[in-house]
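Residues: numbered from 1 along the sequence shown. Computed from heavy atoms alone, side chains included, the values below leave out hydrogens, waters and symmetry copies.
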Amino acid sequence: MALITNVSDYEELAKQKLPKMVYDFYAGGAEDQWTLKENKEAFSKILFRPRVLIDVSHIDMSTSILGYKISMPIMVAPTALHKLAHQEGEVASAQAAAAAGTIMTLSSWSSCSIEEVSSIAPGLRFFQLSVFKDRDIVQQLVRRAENAGYKAIAVTVDAPRLGRREADVRNRFRLPENVVLKCFEGLDLSKMDKTKGSGLAAYATSQIDSSLSWKDIKWLQTITGLPILVKGVITAEDARIAIECGVAGIIVSNHGGRQLDYLPATISCLEEVVREAKGRRVPVFLDGGIRRGTDVFKALALGASGVFIGRPVLFALAVDGRAGVRNALRMLRDELEITMALSGCASLKDITRDRVITERDMIRRSRI
């Protein structure tokens, strides 16, 4: 295997290894893919303001998320169908996250079941929930996550319909016979007839509820005692409503550039959401575009309580299974540690807003 020095190396190797249909499914974005590219490129427009002659002989990257202690502010985002990348699927990803001492978020579109991941892979897990037209299915999913020891529900709120992902259209994307949406296998799907495989995926997609609204967030709080996070908020206005609804956290996300194209990068939206949430003490997390420890530092400096990574996990899994994911998480951790040391930050609380300069900061300074 070629020498891997950063998480982006895994993507190059995964592109060579995976079938084109699968690689494109993981890597692609919506329409012109502008947001997909901008999610990564926007980080390069944020610069550092390091402090020197500070004792950084011991770096502490540990943090607490919703009251749970983790080793670093880097968590695994919900992504679909890990078994397209590796036969062990989400189980391997969850085992790697547990070994790294961090949180794994299982997708509703997982190719391993809620219970399978819980029983085989120890550690902290959140469950990502897509809300379907049939609320009984939603209740069954939530109940199963609760029973399996998942610690929070992350509700996707930016997908009333699926974005147009043209690579999937061109490739006529279908699930292979040996990969199914396992989270749906244990449900009472009496209305589904006997749909399996790709037909199951088509059915599930058709059942996404485009009438989902804030009242449904309130409803979810009545059926579970687990903390509710909303994933897909990028504006202060929606952050304000989310906080008024009593959510436990906000994940700033544009669905990895897979939904509405020409959205700003999530890192560009982060501060306006943080400003809205800060006074209410609601944690804000960043999802999208993280490829370096420097990216993690920048997100933390702009107010994020932690970050979620998606595609780097999938590509590392495709290349080297559980060991690949573990190594990807280790590399990001090591890069964050070096960035903290060279910026004069011995702990996460030292990563403050004055440690970075954004484009807006530079424009503001030029006007003074």
Point-to-point distance, once rounded to the nearest 0.5 Å, from [atom1] of [X] to [atom2] of [Y]:
| X | Y | atom1 | atom2 | value |
| --- | --- | --- | --- | --- |
| Y10 | T5 | OH | OG1 | 10.5 Å |
| I290 | F308 | CD1 | CZ | 11.5 Å |
| L263 | S268 | CG | OG | 11.0 Å |
| Q140 | D134 | CD | CG | 7.5 Å |
| N178 | L84 | CG | CG | 8.5 Å |
| F184 | S113 | CZ | OG | 12.5 Å |

Verify, without hydrogens or angle tests, whether [X] (side chain) and [Y] (backbone) share a donor-acceptor contact under 3.5 angstrom.
| X | Y | value |
| --- | --- | --- |
| Y26 | A14 | no |
| K40 | R291 | no |
| T35 | D261 | no |
| Q221 | G246 | yes |
| N254 | G257 | yes |
| T102 | I74 | yes |
| R144 | C183 | yes |
| S343 | M340 | no |
| T266 | S253 | no |
| D55 | S57 | yes |

Give every residue pair that meets the salt bridge (Lys or Arg N to Asp or Glu O under 4.0 Å) criterion with at least one member in [range], sequence neighbours excluded.
| range | result |
| --- | --- |
| residues 68-89 | none |
| residues 342-359 | E271-R353, R353-D361 |
| residues 150-161 | none |
| residues 2-15 | none |

- Applying salt bridge (charged side-chain N to carboxylate O under 4.0 Å, His left out), name anything that partners K45, two or more places apart in sequence or on another chain.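 Salt bridge (charged side-chain N to carboxylate O under 4.0 Å, His left out) check on K45 returns E38.
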
- Apply salt bridge (charged side-chain N to carboxylate O under 4.0 Å, His left out) to K20 and list each qualifying residue two or more places apart in sequence or on a separate chain.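 K20: salt bridge (charged side-chain N to carboxylate O under 4.0 Å, His left out) contacts with D24.
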
Is there a continuous path of hydrophobic side-chain contacts, each under 4.5 Å between heavy atoms, that joins [X] to [Y]?
| X | Y | answer |
| --- | --- | --- |
| V307 | I103 | no |
| W214 | V273 | yes |
| V142 | I114 | yes |

- Query: Can you find a side-chain donor-acceptor pair between R165 and Q259 that sits under 3.5 Å?
  - Reply: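 Checked: R165/Q259 side chains pair up, N/O donor to acceptor below 3.5 Å.
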
- Query: Are a donor atom and an acceptor atom from the side chains of D320 and N327 found within less than 3.5 Å of each other?
  - Reply: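 There is no such pair between these side chains.
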
Check this for me: [X], atom [atom1], are more than 12 non-hydrogen atoms of other residues, nucleotides or ligands nearer than 6.0 Å?
| X | atom1 | answer |
| --- | --- | --- |
| R135 | CZ | yes |
| R330 | CZ | yes |
| K37 | NZ | yes |

- Query: Do you know which two heavy atoms are closest between I267 and A299, and how far apart they sit?
  - Reply: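 For I267 versus A299, the nearest heavy atoms are CD1-CA, 3.8 Å.
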
- Message: Give me the atom names and distance for the closest heavy-atom approach of I208 to P160.
- Response: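 For I208 and P160, the tightest heavy-atom pair comes out as CG2-O, 3.8 Å.
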
Exercise answer: donor-acceptor pairs, residues 223-237 side-chain atoms, under 3.5 Å, sequence neighbours excluded:
{"unit_1": "T224", "atom_1": "OG1", "unit_2": "E146", "atom_2": "OE2", "d": "2.6"}
{"unit_1": "T224", "atom_1": "OG1", "unit_2": "L226", "atom_2": "N", "d": "3.0"}
{"unit_1": "T235", "atom_1": "OG1", "unit_2": "D238", "atom_2": "N", "d": "3.2"}

- Message: Measuring only between side-chain heavy atoms, which start at C-beta, is F285 closer than 4.5 Å to I65?
- Response: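 Yes, side chains in contact.
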
- Test item: Q207 and I137 side chains (from C-beta on) under 4.5 Å apart, heavy atoms: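 In short, these two side chains do not touch, never coming nearer than 4.5 Å.
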
Distance-only check: which donor-acceptor pairs under 3.5 Å involve side-chain atoms of residues 120-129, not counting sequence neighbours?
{"unit_1": "R125", "atom_1": "NH1", "unit_2": "A121", "atom_2": "O", "d": "3.0"}
{"unit_1": "R125", "atom_1": "NH1", "unit_2": "G123", "atom_2": "O", "d": "2.8"}
{"unit_1": "R125", "atom_1": "NH2", "unit_2": "S118", "atom_2": "OG", "d": "3.3"}
{"unit_1": "Q128", "atom_1": "OE1", "unit_2": "S107", "atom_2": "OG", "d": "3.3"}
{"unit_1": "Q128", "atom_1": "OE1", "unit_2": "S108", "atom_2": "N", "d": "2.8"}
{"unit_1": "Q128", "atom_1": "NE2", "unit_2": "S130", "atom_2": "OG", "d": "3.0"}
{"unit_1": "Q128", "atom_1": "NE2", "unit_2": "T156", "atom_2": "OG1", "d": "2.9"}

For [X], what are the other residues in its hydrophobic cluster, where any two members join if their side-chain heavy atoms are less than 4.5 angstrom apart?
| X | result |
| --- | --- |
| W34 | Y262 |
| V52 | L53 |
| L36 | none |
| I357 | L47, M362 |

- Message: Between E31 and R164, does any side-chain N to carboxylate O distance fall below 4.0 Å?
- Response: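 Not counted as a salt bridge, because no side-chain N and carboxylate O are separated by less than 4.0 Å.
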
- Cationic tip of R292 above F297 ring, under 6.0 Å, 45° of axis: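 Geometry flag: not set, cation outside 6.0 Å or 45°.
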
